[in-house]
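Comments concern the structure below.
Computed from heavy atoms alone, side chains included, the values below leave out hydrogens, waters and symmetry copies. Throughout, protein chains are lettered first and strands after them, A, B, ... in sequence-line order, and every chain is numbered starting at 1.
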Amino acid sequence: MRMAHLFGRTLREAPGDVELPSHKYMIRAGMIRPLGAGIYSLLPLGWRVVRKVEQVIREEIDAIGGQEMLMPVVHPADVWKESGRYEAVGPEMTRFKDRGDRDMVLAMTHEEVVADLARQEINSYRQLPMLVYHIQTKWRDEPRARGGLIRVREFTMKDSYSLDLDEAGLDLQYRNHWYAYERIFRRCGLDYVIVGADTGMMGGSASHEYMALSEYGEDLVLICPNGDYAANQEVALFKRDAKVNEPLLPMEEVATPDTTTIQKLADFMGVPLARTAKAVFFVGESGDFIFAVIRGDLDVNETKLRKATGERTLTPATVEQIHAIGAEAGYGSPVGVRNCRVIVDESIRDTPNLVAGANKVGYHLRNTNLGRDYQADVVADIASAVAGLPCPHCGAPMIAERAIEVGNIFKLGTRYSESFGATYLDANGDSKPIVMGSYGIGSGRVTATIAEQHHDDKGLIWPA
RNA sequence: CGGGGAGUAGCGCAGUCCGGUUAGCGCGCAGCGUUCGGGACGCUGAGGUCGGAGGUUCGAAUCCUCUCUCCCCGACCA
């Protein structure tokens, strides 16, 4: 066919509002066109590339026993009510009513539909294990779409779902996907790392993400240069300093005018940041005041804190709320506060005689100690790993890289099968819940990520 | 949702502060001609509710009010 007949013209100049190379070049090449925020048409050239990516995915998932099918984009809300996610998921799920006034949703993922199908189709252990998948449209009303096809609201995703007798079966399917995904991304020419991740709204016991390295990535991954650890920053661990053994000194109040930041305080007191305790205030979804305490040289990781508190969301506390528990912004400490949950990072437990606030403007306390001067409701790891901190395995300083999440694998366990009553009869005639896993790859995002990693200043260079 | 920016021809922009011919420029597009073994050139031309609504004014792309949309940072989310 002649280029003149190709639907989708090329552009000498990119639209003024695009930023990412993949976005710019895919627009200029006539591959994609925006219809609205985070909503794109794939023109013939773009669709052709995406289909090739999908074909690679299809071949590799078929190779591990996947059976391709197709599940709907519009779901009755009932299945989402059964799993509890109708209430649990926020406005990123679009809800509407059909003409019969029935609650409906647009699919953002398909665990519910698979669980619903599984309870109808599976009754015997003889039918398992099973692996089904489809390549289907998802709608997620993201608060902010950006970057062309990297983060959109409507996108296509290959999602596969494994159904197994037990954890051992799940482990095998998880491992199969692990290697299948490695083959897929290698065939796509992507430079990526596999990292441990938060299970987020999916729930379940384990999760890994395939992160393609890119300066435009939205995630930060921490990588050990020795290759023995890689994790998303939201769950990344690091080797903690050894417990400091020294006698507990008496607590004393000192005047520290104008030291509202931890750096000013450390300078004023002439102590390292690691000898201060920092207070960070949140209010959880339950309405509880969350008082987080962490050593001054570290920062609170909200994902870890959410997990430690069991709160689904955390919002920064207001000055009024801080005063209500007897604390003072800028001079906060857990000593003497009330009506709040105190969550303490491990660093505080292992470092004695810290400088903390006095809950009084212009004053701090020297030599505060957990257990003697205040109690914690929870002691946990709530610290953010950053570049330079030691690898939890070998202790080497980790590096941080920006990355785009191109795929993820989740061990769901029985979270969905139990709420749906998706069970099978085992060899003894006992009813057991099916053990599930789910595995996703965004085909459009993969395509854009390939473009992100394979271009020069003249344009795209697709891997052959 | 908070902060910032932008909507003028298919794309990139100027004009807006300081209201006043038929709203311009480059690229692209069409016709004609020239050229043609590496994205060629010339002439001619088509194409615009100046995002939308309301208001001020003799007169609004330009001033005022409201509103919609898009982009960026953050929040959020995976």
Interatomic distance at [atom1], [N] relative to [M], whole Å:
N	M	atom1	value
C63(B)	G19(B)	C1'	8 Å
C71(B)	U65(B)	C1'	25 Å
U56(B)	C64(B)	C1'	7 Å
U16(B)	A53(B)	P	23 Å
A61(B)	U49(B)	P	13 Å
G74(B)	C58(B)	C1'	49 Å
C27(B)	C43(B)	P	11 Å
U22(B)	G5(B)	P	34 Å

Side chains of [X] and [Y]: is there a donor and an acceptor less than 3.5 Å apart?
X	Y	value
Ser83(A)	Glu112(A)	yes
Glu452(A)	Ser22(A)	yes
Tyr40(A)	His23(A)	yes

Can you list the steps and then say if Thr449(A) with Leu190(A) is a side-chain contact (heavy atoms from CB on, under 4.5 Å)? CA-CA 8 Å; Thr449(A) 304; Leu190(A) 288 180; 3.9 Å; yes
Under-3.5 Å donor-acceptor pair between Glu302(A) side chain and A75(B) base: no
Original post:
Hey, is the side chain of Asp219(A) pairing donor to acceptor with the base of A78(B) inside 3.5 Å?
Top reply: yes
Could you give the [atom1]-to-[atom2] distance, from [X] to [N], as a whole number of Å?
X	N	atom1	atom2	value
Glu142(A)	C71(B)	CD	P	13 Å
Glu111(A)	A78(B)	CD	C1'	12 Å
Ile27(A)	C71(B)	CD1	C1'	12 Å
Asp159(A)	A78(B)	CG	C1'	14 Å
Gln233(A)	A78(B)	CD	C1'	15 Å
Leu149(A)	A78(B)	CG	C1'	16 Å
Trp139(A)	A78(B)	CH2	C1'	16 Å
Asp141(A)	C1(B)	CG	P	11 Å

Has the side chain of Ser333(A) got a donor or acceptor atom that lies under 3.5 Å from a matching backbone atom of Gly357(A)?
yes
*asked:* Strictly distance-based, threshold 3.5 Å: is any side-chain N or O of Tyr181(A) a donor or acceptor partner for the main-chain N or O of Gly440(A)?
replied: yes
All heavy atoms of Asp297(A) vs all of Ala274(A), minimum pair found to be OD1-CA, 3.6 Å
With both distances kept under 3.5 Å, what pairs with [N], Watson-Crick or G-U wobble?
N	result
G33(B)	C41(B)
A46(B)	none
G26(B)	C11(B)
A61(B)	none
C66(B)	G52(B)
G2(B)	C73(B)

The ring pair (Phe, Tyr, Trp, His ring centres under 6.0 Å) partners of Tyr174(A) (sequence neighbours excluded) come to His208(A)
field: salt bridge (charged side-chain N to carboxylate O under 4.0 Å, His left out) evaluation trace for Lys158(A) with Glu68(A)
entry: CA-CA 10 Å; Lys158(A) 184 290 298 175; Glu68(A) 186 168 0; over 6 Å; no
What protein N or O atoms touch nucleotides 7-11 of chain B N or O atoms at under 3.5 angstrom, if any, and at what distances?
residue	atom	partner	partner atom	Å
C11(B)	O2'	Glu13(A)	O	2.9

Is Lys304(A) paired with Asp345(A) through a side-chain N to carboxylate O contact shorter than 4.0 Å?
-> no
field: Derivation of the side-chain contact (heavy atoms from CB on, under 4.5 Å) call for Arg140(A) and Phe155(A)
entry: CA-CA 8 Å; Arg140(A) 295 184 188 176; Phe155(A) 58 100; 3.7 Å; yes
Enumerate the protein-to-nucleotides 68-70 of chain B contacts in which both atoms are nitrogen or oxygen and the separation is below 3.5 Å.
residue	atom	partner	partner atom	Å
C70(B)	OP1	Ala37(A)	N	3.0
C70(B)	O2'	Asp17(A)	OD2	3.3

